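Inspection log for the structure reproduced underneath, given as structure tokens.
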There are 2 protein chains.
Amino acid sequence: MPVERKGGVTISQVAEAAGVARSSVSRAYTKPHMLSPDTVEHIKAVAERLGYIPNHTARALSTGRNGNIALIVPDVANPFFPPLIRAAQGEADRYDFCVFLGNSEEDAEKEDKLLSRLSSQVEGVILASPRLSDERILAHASLKPMVLINRNVEGIPRVLIDSGTGVAQATRHLAEQGHRRIVYVSGPSASWSNRQRRSAARNTAAKLSLEFSVVSASVPSFEAGLQAVPSILGRKATAAIAFDDVMAQGVLAGLAARGVSVPEEFSVVGCDDALGPLMVPVLTTVSGQSVEAGKLSVSLLMQVLQSDALGDACYVLETHLIVRSTTNAAP
Amino acid sequence: MPVERKGGVTISQVAEAAGVARSSVSRAYTKPHMLSPDTVEHIKAVAERLGYIPNHTARALSTGRNGNIALIVPDVANPFFPPLIRAAQGEADRYDFCVFLGNSEEDAEKEDKLLSRLSSQVEGVILASPRLSDERILAHASLKPMVLINRNVEGIPRVLIDSGTGVAQATRHLAEQGHRRIVYVSGPSASWSNRQRRSAARNTAAKLSLEFSVVSASVPSFEAGLQAVPSILGRKATAAIAFDDVMAQGVLAGLAARGVSVPEEFSVVGCDDALGPLMVPVLTTVSGQSVEAGKLSVSLLMQVLQSDALGDACYVLETHLIVRSTTNAAP
DNA sequence: ATATTATGTGCAACCGGTTGCATGTCAACG
DNA sequence: CGTTGACATGCAACCGGTTGCACATAATAT
């Protein structure tokens, strides 16, 4: 037995039934203090009886505010993002905002399209780890309030997770354990985080006179990490720092498949702490701040929406190394 | 230097600039075949020059269609959902629909609120693994087209992942390995999947004359799995089937912490295959169908939106056991 | 050449609320 | 007792598109 659906009740119908003007019905909901308490009560009672539900779209049209924001991420399924998304949702909820989610699939062009499609129906946009060029980002920012996560574009409010400090710590940690040849397993080239992590690793390695090289991958996936293993081993390295935990996990799997034991023969460090303690062995990693970043980006956007021109805010979240079980003294 | 934002260009401005009526501008975009090709081209050129962007909200108001759907899940961060969300997104994209994401935090009341807030601004809703009562679900379904995932409410189109068959296979597998006492680690009581899995395990165990018991948890989290371990061991079981992979992983961690080795001394089976091969040891689990479910639910909803009353469709997705490294012969 | 149909465009009403302003009522005040 | 204001409510314009219908012009039929 299929469900039957009834058409919407409008403000006019309520007004007529209650014997008042449409404006009064409207005010009963949006500005009750302008009406006498009796009238408000009466109108609401009638509305209730009729099953009236205010039409969000109509309201949005006349007020110009729709109470929606968009959140665009490169890959929902990358474990770094779900906690961020969740935190953003929660924060948006506190402001009575709803969230459109966009998934760019790590593709700049798709990101561009999503941005166009979504931005026309939201009050503001949060762009997490965008793969888009600065120019396109600025173009979109000129149309809609925008907050960036992990992308440093001057003039646009942004939340940056400074994984540089954590990666530097990780590099130092490896050096202290006696590793002399280390590899950085690179993530997406358009990623600000990747550039930041890579240079932090490179600079620290240089300071400590370690042999340093980079193995590249385009997409931060388990498979990419897995496939990087031959290159890594080919360079005679004894330790690797991966762009993120997922790639690190791929590296671990690749090493295991080749019979290289971790951490006895090889050390691996991840990034983002996205997997937490879910794995065995538990990954040594650089702490993420995805929850904080998600929450902060929303509250920042809300500020922008209120004061209009917040201008050029830039919040930096610190990170640090979390030593667990995938690093050890060099063999 | 903060970005400057310019106000929207309206259809009227374009009309005036192009020397035509507003309706013609509208038609140039929505019904070009009604105008002469020259006019269309001219209007679009002018619109382009002015930077005109059609107002989605206004269009939605007059057409009654907004091209949005809502997807509500209990927990974005539960690894079962991200692939589902992603697949749903992708499919929605094909239909030029945008997706609101809602996160109920495993809470029926929050789900109810989200549903109310969201349903007024979408054409249809997809409810994944709802924790809400049948009554409330039906109430909402009477207002908006709805598709359910993993919830069997007659009269509402739904996609069910039949993990029963997979769990039965898992139970049989354990019996064949010589296990006589097994435990089911239960998930949320309001979850249809949980009831289905539990009874599949119980029934199969009964058929095979195994000792069977249930350890309960309310939320399917790593911690819940971890905390279930004492109870599990207290029952002298040698194998456990967990509600999902995340809980299974918690169980593994708890066992490891107590020095119980897997799979030598104890066997563990998960559900959903949400973690894939990311873990070591690789979890024996029941295949999930989250991607297929996400995709199917959207295309089903699209059908409902077109033909209005599709009525009572019910798609069932099969599952099966995937044997990996966390099960073995009973000790 | 006139009657008929097809085609392209404009007019104006409408979608469902919101809001500035005008009006009406009644109490407090000088 | 007339005036002033505060307060409650209604009127009507507006948000930015869409769409049924009317009308003018051009193409076709008779």
Side-chain angles (χ1 to χ4, degrees), chain A residues 6-47 50-68 96 117 119-123 143-144, chain B residues 6-47 50-68 96 117 119-123 143-144:
Chain A
K6 68 178 154 54
V9 178
T10 75
I11 209 174
S12 304
Q13 299 174 35
V14 176
E16 188 173 18
V20 298
R22 298 189 307 150
S23 46
S24 293
V25 178
S26 172
R27 290 195 255 259
Y29 284 88
T30 57
K31 293 165 179 160
H33 57 276
M34 283 185 69
L35 301 183
S36 78
D38 294 357
T39 313
V40 172
E41 194 182 356
H42 173 226
I43 291 177
K44 289 206 168 177
V46 173
L50 265 52
Y52 168 69
I53 299 172
N55 182 321
H56 212 266
T57 306
R59 181 176 311 200
L61 179 58
S62 54
T63 60
R65 313 185 10 83
N66 53 34
N68 297 145
D96 272 327
R117 200 200 295 313
S119 72
S120 67
Q121 38 186 338
V122 298
E123 293 184 40
L143 297 174
K144 278 287 169 192
Chain B
K6 68 177 155 53
V9 178
T10 76
I11 208 174
S12 303
Q13 299 175 34
V14 176
E16 187 174 16
V20 298
R22 297 189 308 150
S23 47
S24 294
V25 179
S26 172
R27 289 196 256 259
Y29 284 89
T30 58
K31 293 165 179 162
H33 57 275
M34 283 185 70
L35 301 183
S36 78
D38 295 356
T39 314
V40 172
E41 192 181 358
H42 173 227
I43 290 177
K44 288 206 166 179
V46 173
L50 266 53
Y52 169 69
I53 299 172
N55 182 321
H56 213 266
T57 306
R59 183 177 309 203
L61 179 58
S62 54
T63 60
R65 312 182 13 81
N66 54 32
N68 298 144
D96 272 328
R117 200 199 297 311
S119 73
S120 67
Q121 39 186 338
V122 298
E123 293 185 42
L143 297 174
K144 279 286 169 191

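Just so we're on the same page: letters track the sequence lines, and every chain starts at 1. As the structure is a prediction and not an experimental result, all values here were calculated from the model.
Counting heavy atoms from C-beta on, the side chains of Thr10(B) and Asn55(B) never come closer than 4.5 Å. The side-chain heavy atoms of Asp96(B) and Arg117(A), taken from C-beta on, include a pair separated by under 4.5 Å. Side chains of Leu35(A) and Ile43(A) form a contact here, defined as non-hydrogen atoms less than 4.5 Å apart.
Between the side chain of Arg27(B) and the base of dG17(D) there is no donor-acceptor pair of N/O atoms closer than 3.5 Å. Interface remark: the Arg22(B) side chain does form a donor-acceptor pair with the dG17(D) base, using a distance-only criterion of under 3.5 Å. For Thr10(B) against dC15(D), no side-chain N or O and base N or O form a donor-acceptor pair under 3.5 Å.
The side chain of Thr63(B) sits closest to dT19(D) out of dT19(D), dA13(C), dA13(D). Nearest to the side chain of Thr39(B), among dG8(C), dG17(D), dA8(D), sits dG8(C). Side-chain proximity of Tyr52(B) to the nucleotides dG17(D), dG10(D), dG16(C) is greatest for dG17(D). Of the candidates dG17(D), dG10(C), dT9(C), dG10(C) carries the atom nearest the Val20(B) side chain, counting heavy atoms from C-beta on. When distances are taken from the side chain of Ala21(A) to each of dG10(C), dG10(D), dT9(D), the shortest belongs to dG10(D).
Here dG8(C) presents its C1' atom at 12 Å from NE2 of His33(B), a figure rounded to the nearest Å. Rounded to whole Å, atom P of dC15(C) lies 9 Å from atom CG of Leu61(B). Protein atom CG of Asn66(A) is 19 Å distant from nucleotide atom P of dG16(C), rounded to whole Å. In this structure, Ile11(A) places its CD1 atom 12 Å from P of dG10(D), rounding to the nearest Å. The interatomic distance linking Leu35(B) (CG) with dT18(D) (P) rounds to 12 Å, in whole Å. Separating the OH atom of Tyr29(B) from the P atom of dT19(D) is a distance of 16 Å, rounded to the nearest angstrom. Here the C1' atom of nucleotide dG10(D) and the CE atom of Met34(A) are 11 Å apart, to the nearest Å. His56(B) places its NE2 atom 10 Å from the P atom of dT18(D), with the value rounded to the nearest Å.
Considering every non-hydrogen atom in both His56(A) and Asn66(A), the closest pair reads CE1-O, 3.0 Å. Closest approach of Ser119(B) and Lys144(B) over heavy atoms only: O-CE, 2.7 Å. In terms of heavy-atom proximity, Val46(A) sits nearest to Val14(A) at CG1-O, 4.1 Å.
Among the atoms of the strands shown, none is found under 4.0 Å from any heavy atom of Val25(A). Residue Thr30(B) is in sugar-phosphate contact alone, with no base atom involved, counting any heavy-atom pair closer than 4.0 Å across all strands shown.
Taking the nucleotide of DNA chain C with the nearest heavy atom to each of Ser36(B) and Ser62(B), the more 5' of the two is matched to Ser36(B).
Remark: Lys31(A) is in phosphate contact with dT19(C), judged by side-chain N or O atoms under 4.0 Å from OP1 or OP2. Applying the 4.0 Å criterion to OP1 and OP2 of dT18(C), one finds that Ser26(A) has a side-chain N or O inside that range. For Ser24(A), a side-chain nitrogen or oxygen approaches OP1 or OP2 of dG10(D) to under 4.0 Å.
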